[in-house]
2 protein chains.
Amino acid sequence: MRISELSATSGVPLPTVKYYLREGLLPAGERTARNQAEYGPEHLARLRLIRALIEVGRLSVADTRAVLAASDDPRMPLNEVLGAAHDAVTRRAAPTRPEPAWHEARAVVLDMARQRGWHIEPDCPALDQAADAVAAVLAADIPELYPLIDVYFDVVEPMARREVEAVLAMESPDQVVRGVVMGTILGESLFNALRLLAQQSVSTRLLDPGKGADGGGSGAETGA
Amino acid sequence: MRISELSATSGVPLPTVKYYLREGLLPAGERTARNQAEYGPEHLARLRLIRALIEVGRLSVADTRAVLAASDDPRMPLNEVLGAAHDAVTRRAAPTRPEPAWHEARAVVLDMARQRGWHIEPDCPALDQAADAVAAVLAADIPELYPLIDVYFDVVEPMARREVEAVLAMESPDQVVRGVVMGTILGESLFNALRLLAQQSVSTRLLDPGKGADGGGSGAETGA
DNA sequence: AGAAACGGATAGTAGAGCTATCCACTATCC
DNA sequence: GGATAGTGGATAGCTCTACTATCCGTTTCT
């Protein structure tokens, strides 16, 4: 397979494929001549993975490179790959947080986590991100929202356990690494989308009870 | 309060405050002279909300404007505001999805939702986003990940119910609107952060059982 | 042989999100 | 009441990201 076929099969514009090659996201093909190279199915899979991380996972090109680099290194311990994926998902603009309210929010998160027996690294960026969100919720001064923080904690715990178990159940280390990346980054996208879907479903039922039965337009009865 | 005090109190650079005024995110202050205006605490709260949506919720300036416009309109029915918030969170780069695999993924999502009795608008962007993620997961060809889709469905349903209930329990319509916006957008950020925290906690316990109470060294310590 | 495609390099583009400068004017402080 | 600093408003500029376009000498296909 040459570069144009790679581009055509994947749907990624050829100049963009070249760009990814330049940026080191996509490894170079096997050169068969000074200006010809052969790409295999692994390049196609890699290209699809890149696009999934960028488009579905909304990673920047730089973060994508970091995640792929971590997952490419066979000597990288699983924890580090997980960390790289987490960092890529987490390292998103640090809000202005000089305020004492932010430290209070962080303490709240840490306390709730500790009550549940979670083991937390104090310098974990996800903790700061959680504090950002809690601080914003607290600053909004809407007390009805506060119990949701507890709800999130309760809901997320069994979910994370199932996710980690699924990933660790894989056989080859290679698949574990890919599984972590896909699970972390794509799972976030999927869960967020499902949350909106579920919210719409619930709120439609509560606000527009008359509108019930017909969801997909194709008359499937909602059995439950 | 004049503009410089608004800037100083909120920590937002003055040129940026001006920019938000220009862009219509922040309403103009009450003009006391041709070139003086007075800003009240509501402007400060609004400015904080804008920053929360942009920095914590990671909305673009344009999406932030759309969400705020929807939540500002007192005649906007609740469903529409919810929809605007959902759209803002959802409208994120549409992947290339001409493939039959994508329609298959969409059908999978629709089917799972229908089995659970969800009411879904067929033209809902969140559905397409879910299909994107499922398509990417299926394309990755990691069967261990598939059961997680079910897990997400199961976990998200009670969570969304609690969220919608919390929002509908509010008294003033004004607060409901703000609650929807904050809950939808900030809740997503918070939940994502908690997911990473929980994953790290679980995986540390499973992979490094000896490492109990006192942290250091693993996972995501490269950040900040 | 000749058109088309190739790889590689360099340069250019569009949009987002600020940031800087200028202006005539106003408020403030001594 | 005059210096000085700040104000609102407009316009221009900047940096970064993610591509996109062009050129060039080579190679491959027919």
Whole-Å distance, B:L25 CG to C:dG17 C1', equals 11 Å
Taking A:S201 for its side chain and A:L197 for its backbone only, find out whether a donor-acceptor pair lies under 3.5 Å. no
Name the residue closer to the 5' end of DNA chain C, choosing between B:A62 and B:Q36 according to the nucleotide with the nearest heavy atom. B:A62
Atom CG of B:L21 and atom P of C:dC18 are separated, to the nearest Å, by 14 Å
In whole angstroms, how far is the P atom of D:dT7 from the NE2 atom of B:H43? 15 Å
Considering only D:dT20, D:dG9, C:dC18, which nucleotide approaches the side chain of B:R31 most closely? D:dG9
Checking D:dC19, C:dC18, C:dG7 against the side chain of A:V61 (C-beta onward), the nearest is D:dC19
Between C:dA16 and B:Y19, is there an OP1 or OP2 to side-chain N/O distance shorter than 4.0 Å? no
Remember a base hit wins even if backbone is also touched, and classify A:R22 as base, sugar-phosphate or nothing at under 4.0 Å, heavy atoms. base
Scanning all shown strands, the Watson-Crick or wobble mate of D:dC24 with both distances under 3.5 Å is C:dG7
Of the listed nucleotides C:dC25, C:dG7, C:dT19, the one nearest the side chain of B:P15: C:dT19
Closer to the 5' end of DNA chain D via nearest nucleotide, is it B:A28 or A:T32? B:A28
Among the nucleotides C:dT26, D:dT28, C:dC18, which one has an atom lying closest to any side-chain atom of A:A33? D:dT28
Would you call B:R58 and B:D63 a salt bridge, taking side-chain N to carboxylate O under 4.0 Å as the test? no
Closest to the 5' end of DNA chain C, once B:K18 and B:S60 are matched to their nearest nucleotides, is B:S60
A:R34 CZ to D:dC24 P: how many Å, rounded? 18 Å
Using salt bridge (charged side-chain N to carboxylate O under 4.0 Å, His left out), reason through B:R46 and B:D72 one step at a time and then give a plain yes or no. CA-CA 11 Å; B:R46 173 65 159 242; B:D72 282 343; 2.8 Å; yes
Of the candidates D:dT7, D:dT27, D:dT20, the side chain of A:T16 sits closest to D:dT20
Assign B:R2 to base, sugar-phosphate, or nothing according to its heavy-atom contacts below 4.0 angstrom with the strands shown. sugar-phosphate
Do B:E144 and A:V167 come within less than 4.5 Å of each other through their side chains, counting heavy atoms only? no
Separation of atom OH in B:Y20 from atom P in D:dG8, rounded to whole Å: 18 Å
In this structure, how many angstroms lie between the P atom of D:dT22 and the CG atom of A:L14, rounded? 14 Å
Classify the angle between the aromatic ring planes of B:F191 and A:Y152 as parallel (below 30°), tilted (30 to 60°) or perpendicular (above 60°). perpendicular
Value in whole Å for how far the C1' atom of C:dA4 lies from CD of A:E5: 16 Å
To the nearest Å, how far apart are A:N35 CG and D:dT26 C1'? 4 Å
